[in-house]
Protein chains: 2
Amino acid sequence: MPVTIYDVAREAGVSMATVSRVVNGNPNVKPTTRKKVLAAIEQLGYRPNAVARGLASKRTTTVGVIIPDISSPFFAELARGIDDVASMYKYNIILCDSDGKIDRELHITNTLLEKQVDGIIFMGSEITEEHMQVFTTSPVPIVLAGTKDPTGQLPSVDISHLEAGYDATQFLLNEGHTRIAMVTGPLAEPLVGMQRFEGYKKALSDAGINMKDSYVYNGDYRYESGLSAANQFLSLIEKPSAIFCASDEMAVGVIHGIQDQGFKVPEDYEVVGFDNIRLAEMVRPRLTTVMQPMYDIGAVAMRLLTKYMNGEKVENHIVILPHRMEERQSTKKTGGQ
Amino acid sequence: MPVTIYDVAREAGVSMATVSRVVNGNPNVKPTTRKKVLAAIEQLGYRPNAVARGLASKRTTTVGVIIPDISSPFFAELARGIDDVASMYKYNIILCDSDGKIDRELHITNTLLEKQVDGIIFMGSEITEEHMQVFTTSPVPIVLAGTKDPTGQLPSVDISHLEAGYDATQFLLNEGHTRIAMVTGPLAEPLVGMQRFEGYKKALSDAGINMKDSYVYNGDYRYESGLSAANQFLSLIEKPSAIFCASDEMAVGVIHGIQDQGFKVPEDYEVVGFDNIRLAEMVRPRLTTVMQPMYDIGAVAMRLLTKYMNGEKVENHIVILPHRMEERQSTKKTGGQ
DNA sequence: CTGAAAGCGCTAACAA
DNA sequence: TTGTTAGCGCTTTCAG
């Protein structure tokens, strides 16, 4: 039988209220009694029951985190940012993998709400009507990380995927390329995969270049689809001269696919990735990529959530963090810049 | 004001006890009343309060997970295994990054216990006296994943790092090498880094080869230390001909270090890694490595924990999962095998 | 098969 | 500065 606040109170010769006060750092306690209580706590090895506290106070100092896949380097880095800021603010994280399945996401949200989390951070590629329905009726604040809500109602922290896609393509255009291919993410994701692709199309059209369907390979962010994409592109009569990939993993796949056929990067083909995960520095040639501040997205999302949980007024509920081109060896050195 | 079990009871015209029964799937409820209650729940949009339930039942269906760094591919994969099995058994995970700092590990353990988790899974490289002191007095079961307790008291799931180190070295020995270098992990980790190194030493000594200090580079599992290790080894008068690395990241670093100096892997130097993270397949040459079942370690650890939480008797509290050599292109094809 | 009632351990007024 | 006293929302005997 564990020791309760009541045991401590008796041992210290005070009331539970007083014990509660010292445990919670309430200043209204005479130093002498505080000392007595502390001694009793020490002596008995008292450990406050957070569940009871949660029930009485209606705050659990726990937030729920819904993530598609914690074993993905991208999301793992985001999660790290979330956890670091959370622990800074004394919150704990209930982490749930959703596998990106909508029904699981919804179900998890509900479980988290049952557990009385003080807030939720949601990562996922798509925000459907159903999501909106659940999220907007949530009794606690929910912020999106690495995605955004199409209607702009929900708080979110993300980059501009469209601009990022545009910039990457532009970068290649500036190198003098006209035959630029793209390995996209799943286009079923309207807010991420599709946006990056839109950026690519826009850059091309702004440059007066017609997009060729044969220069677009629909990937799934994974290494293997980069490999296949390279094979497809290299089998074309008129091959592209540069390839923009919607993820670093695919970019590395593309590079290897190219190298396996005896060509060189960047001499024969230039390749640009997306994300800037650690892998980008662990390949040869090292990968030129769109740097996305993953850790910061998580950290800022969590910080934002703390504000909502504290009832603070938030000026800007949609945060767009900056991205930038990280130039390495998979592209040729541009003259200027 | 959220709807409570009491509201449902009134709406359905029954007692709270009955509502509780149907919510918990207790069979002792007449189908008719069950239907009535379900209707009321639906109608009111009732969502059970897990905190209240936890206080009353003394079970939270939540387990704590202490992890050095969720952004490490190795631990992320373990975490995935844990989470999958946890959700299979309807548990949620409170995930806490410890940064491998002992005081944080201890502090987190305490917080988790305050939150009344039903069990804990601990990942970390070292188990000190202090850990033992805290873990053995825990009111809930604790299982170690990816490490083990030196005294053999605590339940754990791991591989044999010593044997794995031995096998990797042996593998290189079988290829005819006599000058085998090793890039170790931190030797301050007695149960992981040191064990792999011990395996290396043992294999060498069993083969009648004297270990040379200049062939040992003390790394930290990261890519950069592989790079430095390669530089050190290649600057030796008598260079090693094969290098065994205690992590895949370091192995990739070593390979790049070698390639950067104009040499080839495996032609000039053979390299073996450790872990078999996804990266191992995403480099050229693809990495021969010691495959460690990371996902399974997590999954089995969680499964083991469920048994303890259910009060089931466990025959074998120390589980050693198999490892194996995964032969790829960073080593030459051996004739036999 | 159902209801009444006693807590679970703590917080938060409210008094004193 | 401290104590008293209600609950928080639910589970769980124990009766019936």
Side-chain angles (χ1 to χ4, degrees), chain A residues 1-38 40-41 44-62 90 110-111 113-118 139-140, chain B residues 1-38 40-41 44-62 90 110-111 113-118 139-140:
Chain A
M1 219 35 358
V3 2
T4 74
I5 199 174
Y6 184 70
D7 301 319
V8 176
R10 211 180 7 172
E11 176 74 19
V14 299
S15 72
M16 330 176 8
T18 300
V19 177
S20 174
R21 288 190 187 97
V22 347
V23 168
N24 292 296
N26 183 319
N28 292 350
V29 181
K30 189 161 48 164
T32 339
T33 41
R34 179 187 306 282
K35 206 151 295 171
K36 260 195 312 193
V37 172
L38 255 16
I41 287 177
L44 267 36
Y46 170 65
R47 172 183 293 143
N49 180 325
V51 172
R53 183 187 301 203
L55 182 58
S57 70
K58 301 183 166 321
R59 297 190 66 246
T60 55
T61 59
T62 303
K90 313 279 188 209
N110 207 48
T111 304
L113 259 15
E114 287 186 2
K115 296 229 168 172
Q116 312 297 120
V117 293
D118 296 334
V140 298
Chain B
M1 219 31 4
V3 2
T4 74
I5 198 173
Y6 184 70
D7 301 319
V8 177
R10 211 178 10 171
E11 176 75 19
V14 298
S15 73
M16 331 177 6
T18 300
V19 177
S20 174
R21 288 191 188 95
V22 348
V23 168
N24 292 295
N26 183 320
N28 293 348
V29 181
K30 189 162 46 166
T32 338
T33 40
R34 178 186 308 281
K35 206 152 297 172
K36 261 193 315 193
V37 172
L38 255 14
I41 287 177
L44 268 36
Y46 169 65
R47 173 184 293 143
N49 180 325
V51 172
R53 182 186 299 202
L55 183 58
S57 69
K58 301 185 167 316
R59 298 192 65 247
T60 54
T61 59
T62 303
K90 314 278 187 210
N110 206 48
T111 303
L113 260 13
E114 287 187 2
K115 297 230 168 171
Q116 312 298 118
V117 294
D118 296 335
V140 298

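Every chain is numbered from 1, with letters handed out A, B, ... down the list of sequences.
The list of salt bridge (charged side-chain N to carboxylate O under 4.0 Å, His left out) pairs with a residue in residues 28-38 of chain A, not counting sequence neighbours, is empty.
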Practice item. Determine, stepwise, if the pair A:T4 / A:N49 fulfils side-chain contact (heavy atoms from CB on, under 4.5 Å). Key: CA-CA 8 Å; A:T4 74; A:N49 180 325; over 6 Å; no
**Study point:** Step-by-step side-chain contact (heavy atoms from CB on, under 4.5 Å) determination, A:V23 to A:Y46
**Key:** CA-CA 10 Å; A:V23 168; A:Y46 170 65; 4.0 Å; yes
Exercise for review: Please report the C-alpha distance between B:K115 and B:T62 in whole Å, then the side-chain angles of each, then the deciding distance to 0.1 Å, and finally whether the side chain to side chain donor-acceptor pair (under 3.5 Å) criterion is met.
Suggested key: CA-CA 9 Å; B:K115 297 230 168 171; B:T62 303; over 6 Å; no
Point to revise | Test side-chain contact (heavy atoms from CB on, under 4.5 Å) applied to A:E11 and A:V3, step by step | key: CA-CA 11 Å; A:E11 176 74 19; A:V3 2; over 6 Å; no
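Closest to the side chain of B:A56, from the set C:dG3, C:dG7, C:dG9, is C:dG7. Proximity note for B:T18 (side chain, C-beta onward) versus D:dC10, D:dG3, C:dG3: the nearest is C:dG3. When distances are taken from the side chain of B:S15 to each of D:dT12, C:dA4, D:dG3, the shortest belongs to C:dA4. Counting only heavy atoms from C-beta on, A:A17 has its side chain closest to C:dA12 among C:dA12, D:dT11, D:dG7. Side-chain atoms of A:L55 lie closest to D:dG9 of the nucleotides C:dT11, D:dC10, D:dG9. Each of D:dT11, C:dC10, D:dG9 was ranked by its minimum atom distance to the side chain of B:S20; first place goes to D:dT11.
Minimum heavy-atom separation, B:A40 to B:A12: CB-CB, 3.8 Å. Residues A:V19 and A:V8 come closest through the heavy atom pair CG1-CG1, 3.8 Å. Listed here is the closest heavy atom pair of A:L113 and A:P139: CG-CD, 4.1 Å.
Spacing between atom CE of A:M16 and atom C1' of C:dG7 amounts to 13 Å, rounded to whole angstrom units. Atoms NZ (B:K115) and C1' (C:dC10) sit 15 Å apart, rounded to a whole Å. Atoms CD (B:Q116) and P (D:dT11) sit 17 Å apart, rounded to a whole Å. In this structure, the CZ atom of A:R21 is 11 Å from the P atom of D:dT4, given to the nearest Å. For the pair A:L44 CG and C:dG9 P, the interatomic distance rounds to 14 Å; values are reported in whole Å. In this structure, B:Y6 places its OH atom 10 Å from P of C:dA4, rounding to the nearest Å. Straight-line distance from the CD1 atom of A:I5 to the C1' atom of D:dC8: 15 Å, rounded to whole Å.
Between the B:T60 side chain and the B:Q116 main chain, a donor and an acceptor come within less than 3.5 Å of each other.
To the nearest 0.5 Å, atoms CG (B:N28) and OG1 (B:T33) are separated by 10.5 Å.
For DNA chain C, the residues of residues 22-35 of chain A within the heavy-atom distance limit of 4.0 Å (strictly under) are A:N24, sorted by number. Within residues 45-53 of chain B, the residues having any heavy atom closer than 4.0 Å to DNA chain D are, in order of number, B:Y46, B:P48, B:N49, B:A52, B:R53.
Between its two ends, the helix from C:dC1-D:dG16 to C:dA16-D:dT1 turns its axis by 30°, counting five pairs per end and rounding to 10 degrees.
Applying the side-chain contact (heavy atoms from CB on, under 4.5 Å) test to B:R59 and every residue at least two apart in sequence or in another chain returns B:S57, B:T61, B:Y91, B:D118. Contacts of A:R21 classified as side-chain contact (heavy atoms from CB on, under 4.5 Å), with partners at least two apart in sequence or in another chain: A:A17, A:T18, A:N26, A:V29.
Remark: A:K58 is not in phosphate contact with C:dC10, judged by side-chain N or O atoms under 4.0 Å from OP1 or OP2.
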